[in-house]
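Before any comments, here is the structure.
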There are 2 protein chains.
Amino acid sequence: MDFNEKQIDILLAAERLFATKGFDGTSVRDIAHEANVNVAMINYYFGSKDKLLDTFFEWRVPDFMINVDELALIENALDKIDTMVDRSIKSMNSHRKLYHIITIESSLKQRMLISAAFRKLKLHNLEVISSVINEGVAQGVFKGGNDPILIHSMMMGTFMNFQMNYSFLQEQLRIASDTEYARYIETTLTQFIQKTIKALLTYEK
Amino acid sequence: MDFNEKQIDILLAAERLFATKGFDGTSVRDIAHEANVNVAMINYYFGSKDKLLDTFFEWRVPDFMINVDELALIENALDKIDTMVDRSIKSMNSHRKLYHIITIESSLKQRMLISAAFRKLKLHNLEVISSVINEGVAQGVFKGGNDPILIHSMMMGTFMNFQMNYSFLQEQLRIASDTEYARYIETTLTQFIQKTIKALLTYEK
DNA sequence: GACAAAGTTAAACAAACGTTTAATTTAAAC
DNA sequence: GTTTAAATTAAACGTTTGTTTAACTTTGTC
């Protein structure tokens, strides 16, 4: 999975355009123009527009996997939650536009390659969360009876909501720039999700 | 805002197709075929494909507004949260496919009419949540320092995640049918969000 | 420097797109 | 029954779509 300069130009151009116009809303000519290459180069290198999206996702997907090794070093269950959330949000946020596209595309159509890879990713991250929670329950730090699927959904959903309602939230939070918004996600939003999960896992009744 | 039978056929056909294929992924010929009408009827009645989406949204948007009158009758702050969440989820869930499309479309493009109407809707619901929380804080039932925007985002995001990751979650939760999934959202997921908000608002530190 | 392979280009391809036209049918009004 | 407007149709409109072609240039190898 190594690409030459021109291929990377195309992948990055596609990433930018898909994020603002969607997959169907972006033409291969748009991509070619944005990447400063000839239209035919996209089919030459990637086969088709669909395969470009597949390749694109496979290129980025490893970045979204939660690192298990790092978590294994942490003993305290509450700290584990914090680190897990922090790393998850950071990885999604660093490629947030891609994550946006993938979520939309896999929710709309049967994209075999993407759906399969995306499914594996979610399954991995779900298992990591599950084990962190179960460990905390075993230690007596967390209350039982909380479905990890729901907690996982809450984390992913809250983050995604910040992508999908970007302009509304930027206005409401009085955030001027793109970079400040990204920083807000990695600080305030991350802390909110950490607090929410911990509140939930220690909540009586 | 009253439509004849044929117009409603078109709106319903569009709703079904947009939900599965997206707006750009659906052609006016698809819609015409699904609604059993001539292609030209869509432009005849709605002007254009874009205006069809606008009309479509305006047609449904009142259903998504949280009813303030009902909440005013409830005194207990915790009960207010429960009712507010229950009604929000119920309304979104009853038109969940439309909500799916609108979220995607308004996140991708500058759709003036939709964005404006959607913005008003979110603003209304956000204000309702804010007042419920502030009331609870004034009563001493809730801890202060929780931004209503984040709680609102959490609720909407968690719900939306259940739309966007439909097949993954259906598989993980071992839910066989569409109706059972809808029921799960209105029971288990609703309770989870209610619990999460209450845990958050009463959480120490 | 000849040769083969890879890279690159403009042009053309058929198919699908949203929309409009002009002709025809239906419905309502008098 | 005639007239007028609304509804409906098949066909065509000009664009744009993703993809392919065939000619050309660059690059690396012997």
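Proteins come first, then strands; the chains are lettered A, B, ... in the order of their sequence lines, and each starts at number 1. The model shown is predicted, which means the values in this text are computed figures rather than measured ones.
In this structure, A:N4 places its CG atom 7 Å from P of C:dG7, rounding to the nearest Å. For the pair A:Y44 OH and C:dT8 C1', the computed distance is 9 Å after rounding to whole Å. For B:E5 and C:dT26, the CD to P distance is 17 Å, given to the nearest whole Å. Computed from coordinates, the A:N38 CG to D:dT21 P distance equals 15 Å when rounded to whole Å. The CD1-P distance, from B:I42 to C:dT20, rounds to 13 Å in whole Å. We find that CE of A:M41 is positioned 16 Å from C1' of D:dG18, with the value rounded to whole Å.
A:D30 contributes no side-chain N or O that, together with a main-chain N or O of A:T26, makes up a donor-acceptor pair within less than 3.5 Å.
Comparing C:dT8, D:dT20, D:dT9 by their closest approach to the side chain of B:A40 singles out D:dT9. Among the nucleotides D:dT8, C:dT19, C:dG7, the one closest to the side chain of A:Y45 is C:dG7.
Remark: A:R111 engages A:D50 in a salt bridge, criterion side-chain N to carboxylate O under 4.0 Å.
A:F168 meets the ring pair (Phe, Tyr, Trp, His ring centres under 6.0 Å) test with no other residue; sequence neighbours excluded. Listed by chain and residue number, nothing satisfies the ring pair (Phe, Tyr, Trp, His ring centres under 6.0 Å) test with A:F46 (two or more places apart in sequence, or in another chain). Taking A:F18 as the reference, A:F23 meet the ring pair (Phe, Tyr, Trp, His ring centres under 6.0 Å) condition, with sequence neighbours excluded.
OP1 or OP2 of C:dT19 sits under 4.0 Å from a side-chain N or O of B:N43.
In this structure, the separation between CD1 on A:I66 and NZ on A:K90 is 13.5 Å, given to the nearest 0.5 Å.
Within residues 12-37 of chain B, the residues having any heavy atom under 4.0 Å from DNA chain D are, by residue number, B:R29. Across residues 46-56 of chain A, A:S48, A:K49 each have a non-hydrogen atom less than 4.0 Å from an atom of DNA chain D (numbered order).
For the pair A:Q170 and A:A176, the tightest heavy-atom approach, listed with the atom from each and the gap, is NE2-O, 3.9 Å. Residues B:A77 and B:G136 come closest through the heavy atom pair CB-CA, 3.8 Å.
Listed by first then second residue, pairs satisfying salt bridge (Lys or Arg N to Asp or Glu O under 4.0 Å) with a partner in residues 54-67 of chain B read B:E15-B:R60, not counting sequence neighbours.
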